[in-house]
Structure formats: structure tokens, C-alpha cells
Amino acid sequence: MLSFHRTVISSALLFALQLVPIAHANNAPNISASELAVTLAPTEIPQNQDALTYANYTEVSVSHIELALTVDFKQNRLSGEATLDLAWHKAGKTLILDTRDLTISSVSAVNTAGKWHSVPFTLAKTDGVKGAALSINLTEENTQKVKINYHTSDNPSGIQWLTPEQTQGKQLPFMFSQSQAIHARSWIPLQDTPAVRQTYSATITADKAITVVMSADRKILSSTQTQFTMPQAIPAYLIAIAAGHLTFSPLNDISGVWAEPELIDKASQEFSDTPQMIDIAAKRYGDYRWGRYDLLILPPSFPFGGMENPRLSFITPTVIAGDKSLVSLIAHELAHSWSGNLVTNATWRDLWLNEGFTTYVENRIMEDLYGSDRALMEQTIGYSGLIAELAELDSSDSVLHLDLGGRSPDEAFSGVPYVKGQLFLVFLEQKFGRERFDAFVKNYFNHFAFQSITTAQFREYLSLNLLQKYPNIVSEAEIDTWIEGEGLPSFLVPPNSHAFDDIDAQRQTWLDGKHSASELKTSTWSVHQWLRFINEMPRINLDQTKLAELDKAFHFTGTGNSEIAFAWYSLALDNGYYAVLPALKQHLTNIGRMRLVVPLYQKLAGTKQYDWAKNVYINARPGYHPQTQASLDAMFADKPLQHEHSH
Ligand code: BES
Ligand code: ZN
């Protein structure tokens with residue numbers, strides 16, 4: 001059950017721990033991406049608060065990365081060099097970088113005379129969470145550039161390599177990165193902490209049939225070489241690459257869709273409202289500062305719903321439902337252009353600053369574009385999901401300002417930073433009123449633009465610019481409860497959409513046996529109302545015949561809507577309705593989005609269907625992303641897999 005109280009850390013202490021960002025990039029709002037070309041020199045040095053990096057970034061920080069890489073689909077390998085520009089905050093000759101499973105062939109540095117010379121380096125033992133520290137012994141103080149020659153491993157945690165058979169077109173291979181949270185280090189040796197921001201450029205070589213895209217401005221150099229430039233300083237987790245058979249379809253002059261040719265028309269229809277979303281967000285929160293906003297549709301094994309790589313959000317194909325019912329995902333990834341990419345969490349403890357703000361902004365975009373009914377339905381569904389999740393979660397993991405306690409951010413990942421963070425901001429919005437709160441959020445994005453900040457820095461800004469500016473509305477103690485407390489505050493007013501009243505009533509008449517499923521009045525129901533109908537069904541002892549009746553009337557099994565499918569299979573498994581297993585096997589094999597597959601495996605693994613689930617997993621595993629593999633390997637670890645490398 002939920003717990004509603006916990007120790008409160010004094011806000012004075014939190015302010016004392018505040019961190020000053022190292023690199024400030026351009027704050028000017030009206031300059032287009034291509035006009036921006038500098039990272040300003042770091043001014044102050046933060047304390048090293050990020051426990052997930054080996055980098056000695058308080059002594060020296062990377063200001064620019066230049067990549068020259070070949071995408072080698074024969075060996076499933078990226079190889080080449082990364083040249084890092086360094087900014088020194090203390091005199092020193094040691095540069096420590098993060099790596100994971102990289103093979104380093106040589107390291108060189110530029111000396112004061114401007115000459116490259118090779119320098120000694122050591123690669124430390126690998127840690128399961130953090131990878132391996134690469135220590136470079138520079139021969140001169142104040143070294144300005146270091147070059148690392150390297151290649152990636154067979155199965156880097158931050159990259160999936162797909163065979164042609166695993167793509168839509170079946171003709172060409174595909175690869176993509178997923179760097180957040182700490183997987184950039186598996187394909188680039190760098191300072192893998194969101195506290196450090198750098199610009200980057202890249203020259204990528206690939207077979208001429210392959211199209212390469214990155215989270216950067218793109219220029220074709222030749223049939224085999226593409227050049228990329230990211231002139232704004234970004235954290236390592238936003239460096240991204242994908243390569244495969246891709247085509248582009250414009251939505252307007254600054255926005256468009258990249259996808260395999262087989263999917264491009266469906267995708268650009270589904271996401272045709274993206275330009276309006278950009279306008280809505282920019283109007284409320286300040287200019288869109290990244291130049292272009294494009295979407296890249298990935299293969300169904302993409303492990304997330306979306307990833308906010310700057311200028312190019314990565315998107316799962318599982319949201320292409322045909323009716324725009326799941327496009328809040330686009331609003332979400334777009335919203336990160338302000339919350340996350342412009343103002344960035346300085347450590348992964350502060351993830352709620354990225355995801356809570358983004359979930360809040362996402363819902364505001366949805367409200368403007370599709371109306372308050374839909375926005376409130378989505379909020380209500382999110383809230384119900386959080387309540388269900390809190391019942392399963394360790395109560396210490398229900399704190400917004402999360403204690404990772406040595407775990408990887410992947411392991412501690414939950415809906416808490418998203419939905420509890422959103423509820424916190426909705427609380428502030430309701431207390432202060434939209435006019436004041438909207439102005440506050442817009443100013444916050446401007447104030448911290450191109451900086452990485454901690455929860456303490458947010459709190460100080462909040463106190464000065466909202467709590468003290470409009471006194472006696474919200475107390476510091478209430479803020480403490482939200483940010484440092486477990487569970488949900490007792491004073492929370494939960495979102496509650498009345499568009500669900502009729503759904504709940506009809507569900508009840510059906511459960512009571514007053515109507516058969518086919519007699520229910522469902523013709524006007526939206527996808528969200530269907531989700532409510534399924535999600536709030538009894539989770540135990542719902543009769544098999546009742547579930548069969550539902551499926552017969554509404555054909556949930558095999559639905560093309562991935563959220564309805566997830567809701568239905570969850571309901572079926574919770575009630576032991578195993579008639580769905582053959583279809584579920586197909587489903588689990590076709591998609592690899594963690595949020596849609598991992599919980600379903602979990603529901604099976606705790607039952608006598610363990611062996612069935614394990615076998616489905618063994619067959620599906622080669623098609624899954626390394627991060628999906630890692631979390632499912634852990635789940636099935638108690639009984640070893642029969643043939644781990646079966647293809
Ligand atoms: N940035 C996240 C994905 C992420 C978070 C990857 C933390 C690794 C570590 C992305 O913006 C996201 O939140 N995706 C959600 C979208 C949904 C909540 C609309 C997802 O993938 O489901
Ligand atoms: Zn997000």
C-alpha cells in the first residue's frame with residue numbers, strides 16, 4: 001500500500017548542496033541552430049555529484065567531440081576515432097573517460113607545438129553498472145585535444161544491430177543508438193554525465209545503400225559519407241545515430257518524418273499534427289531553439305516509446321495506431337526540447353526534472369491541440385497507472401528526488417518521475433493559477449537554458465520565483481513532501497475525467513450480468529475510454545467465460561492498437577485467461593518496447609506459465625535490444641536459458 005509520509009530534509013541543506021553548471025552555451029533565443037557555433041568557456045566548477053561517471057569532469061571537461069566513424073554492417077561494429085576538445089578547470093595531466101566494452105587501439109594528444117603524439121592510457125576493470133574507466137596520461141598540462149582510436153563490441157549496451165530480416169523492408173540491415181541514461185559510453189569514449197555539455201560533429205562512413213541520421217544538422221558529403229554538426233552544447237546521452245534504409249517525408253519546412261519506405265506514408269499521416277505541436281509549445285514556453293524537429297521511426301525492437309534526441313526524436317512504430325490516438329508520445333518527445341534538452345537534469349537522481357516537466361508540458365500540448373477532455377483522460381489514465389505501480393514499488397523508490405543507491409538508472413526506472421512529477425506541477429499550476437505558473441515555467445526554461453541543474457537548484461528557483469513572489473499559497477513543507485516524500489501527498493487532488501463515468505457504469509452493469517458485452521453502448525468510445533474499460537476490470541477471479549465473451553464481442557486479441565493490446569493481455573494474464581497465449585507469443589516476438597513486453601513476461605514468470613514464457617523469450621531474444629535482453633535475462637536468471645545464443 002501507499003505510504004504518505006517521510007522524513008523531510010531541510011531546504012536550507014538542499015540549497016547548500018547546489019551545483020553550478022560547467023558549460024554555458026548560447027542563451028540567445030532567436031538564433032537558429034546553424035548560426036550557433038560556440039560553447040562558452042566554463043566558468044565555475046561543480047562538485048562531482050554524479051556517482052555514475054568515472055570522469056574527472058570537475059578538473060577537466062570536454063567542450064566538443066569530433067567523431068569519424070564507419071558503420072560496418074559486416075562486423076556489426078562502429079570503428080574510427082573520437083577527438084575531444086578539453087577545457088581545464090584545474091592544472092592537471094590526467095583525463096578519465098567513461099567506456100563500456102570498447103576496444104581502444106591508441107590515444108594521442110596535441111602538444112603545445114600543435115603536433116599529435118601518442119600518449120599512454122590504461123583501461124580499468126569493468127564495473128557492471130559504470131563500465132570501465134579509461135585513464136589517459138597526458139604529457140603536458142593544459143592539453144587541448146585528445147584523439148582516441150577505438151571500435152565497439154559485439155553487443156554494445158547502447159546500440160542494436162538488426163539483420164535485414166528484422167526490418168520492414170527485409171533488404172538492408174539497420175542500426176540505432178539509445179544512449180540514455182549511461183550507454184553513450186558503449187559507443188563513444190566520453191564524459192558520460194548529464195552534468196557536462198558539449199557540441200559535436202561527425203563524419204560517418206557507410207555503404208552507399210545506407211542512409212545515416214544523427215541528432216544533429218545533416219549534410220551529405222558523398223555517396224558513402226555524411227557529415228553532422230550539433231552547434232548547441234548537449235549532454236552525452238543526447239548523442240544519437242541510426243542507419244538503414246530510410247526515406248524522408250516533410251511535414252512542413254522545419255519538420256518531417258524519417259522511416260523505412262514501407263512505413264513512411266502511414267507514419268507521416270499519423271504524425272501530421274507535429275508542426276502544430278511545435279507552434280503550441282513554442283508559443284507557451286518560448287522559441288523552439290533547435291532548428292529542425294524531425295521524427296525517426298525505428299523498427300519495433302526500439303526499447304522505448306520515444307527518445308528525445310535533439311532535432312530528431314526517435315519513435316517506436318508501436319504508436320502508429322492509424323487514428324492518432326497515441327500521439328501524446330510525440331508531444332512528450334517534443335516537450336523535451338524545453339524540459340530535458342534545454343534544461344537538463346545534472347544527475348540521474350534528478351530525472352524527474354526531465355520527465356516530470358515533460359509529462360506536464362506534453363499534457364498541456366495535448367489539451368491545446370485536442371481539447372481538455374482528451375488531456376484529462378490521459379492524465380487520469382496516467383494517475384491510475386501510477387497508483388498500480390506504487391503498490392508494487394519499494395516505497396523508497398517513490399521519491400521524486402530518487403536515491404539510486406549504486407544501482408544503474410535502468411534498474412531504478414519507474415513511472416514515478418513521470419507521473420508524480422507531473423502531478424506535482426499540476427498541483428502548483430492549480431495553486432498559483434495558469435497565468436502565473438505558465439510564466440514561471442517559461443522563465444525557468446529561459447533562466448536555465450543550456451544548463452544542467454540539480455533538484456536543489458530547481459528548488460531555489462521555485463522558492464524565489466513562485467513561493468516567495470506569491471506568498472502564503474504553497475509552503476516549503478508541501479514542496480518537501482512532493483520532492484523528498486514517499487508515495488503521494490495526502491493533500492493531492494487526483495485527476496478524474498468524467499468521460500470515464502459512463503465507461504465505469506457500463507463495465508459494472510456487465511460485471512453484474514445485467515447486460516451482455518454485445519449489448520454495451522460502445523460505438524462512441526475513444527481509445528482512451530476503451531483503455532479505461534479494460535484497465536479497471538477486476539484483476540483476479542474474473543470468470544474465463546466473461547473474458548471469452550469480451551474478446552468475442554470486441555476482438556481485443558490481435559488488435560492493432562499497442563496500448564489496448566497491452567491492457568488486454570495484462571487483464572487476461574492477471575486472470576489466468578490463457579486462451580490468449582498463441583496470439584501473445586506472436587505479439588511478444590514482434591515488438592520489443594520494454595514497457596509493453598517486460599510487464600507481460602513478469603506476469604507469466606511468476607506462474608506455472610514460466611516455462612512457456614521462457615521459451616517465447618528464448619525465441620524472441622535475438623530480436624530484442626541489448627537493454628531489453630538485459631532486463632529479461634535478469635528476470636529469467638533463476639532458471640538458466642536453454643540455448644542462450646539460438647538464432
Ligand atoms: N527520455 C525518455 C526515455 C528514457 C528515460 C530512456 C530514461 C532512458 C532512461 C523518453 O522521453 C520517454 O520518456 N519515453 C517514454 C514516453 C512516454 C512516457 C510518453 C516511453 O518510452 O515510454
Ligand atoms: Zn521523456
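Both ligands and their constituent atoms are indexed starting at 1 by order of listing. Note that the numbering runs from 1 along the sequence shown for the chain. What you see is a predicted model, and the numbers here were worked out from it, not measured in a lab.
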(request) Could you pull out all residues at least two apart from R100 that satisfy salt bridge (charged side-chain N to carboxylate O under 4.0 Å, His left out)? (result) none

(message) Ignoring hydrogens and geometry beyond distance, is a side-chain donor-acceptor pair present between T53 and D50 at under 3.5 Å?
(response) no

(message) Any N/O/S atom from E308 (main chain or side chain) under 2.8 Å of the Zn ion (ligand 2)?
(response) no

(request) Can you tell me, to 10 degrees, how wide the angle at the Zn ion (ligand 2) is between OE1 on E355 and NE2 on H336? (result) 100°

(request) Give me the one residue out of L573, T628, V616 that meets side chain to side chain contact (heavy atoms under 4.5 Å, CB included) with Y601. (result) V616

For ligand 1, output the ligand-protein N/O contacts shorter than 3.5 angstrom; if there are none, return none.
from     : atom 1 : to   : atom 2 : distance (Å)
ligand 1 : 1 (N)  : Q180 : OE1    : 2.7
ligand 1 : 1 (N)  : E308 : OE1    : 2.6
ligand 1 : 1 (N)  : E308 : OE2    : 3.1
ligand 1 : 1 (N)  : E355 : OE2    : 3.0
ligand 1 : 11 (O) : E308 : OE1    : 2.9
ligand 1 : 11 (O) : H332 : NE2    : 3.3
ligand 1 : 11 (O) : E333 : OE1    : 2.7
ligand 1 : 11 (O) : E333 : OE2    : 3.2
ligand 1 : 11 (O) : H336 : NE2    : 2.9
ligand 1 : 13 (O) : H332 : NE2    : 3.0
ligand 1 : 13 (O) : E355 : OE1    : 3.2
ligand 1 : 13 (O) : Y418 : OH     : 2.6
ligand 1 : 14 (N) : G306 : O      : 3.3
ligand 1 : 14 (N) : E333 : OE2    : 3.4
ligand 1 : 21 (O) : G305 : N      : 2.5
ligand 1 : 21 (O) : G306 : N      : 3.4
ligand 1 : 22 (O) : R593 : NH2    : 3.4

(message) Would the distance check show the side chain of S452 and the main-chain N or O of A346 forming a donor-acceptor pair, the cut-off being under 3.5 Å?
(response) no

(message) Just verifying a value: how many Å separate I234 CD1 and Y200 OH, rounded to the nearest 0.5 Å?
(response) 5.5 Å

(message) Under 4.0 Å between a side-chain nitrogen and a carboxylate oxygen: does that hold for K324 and E270?
(response) no

(request) Using the ring of F437 (Phe, Tyr or Trp, six-membered ring only), decide whether R434 places NZ or CZ under 6.0 Å from its centre and within 45 degrees of its axis. (result) no

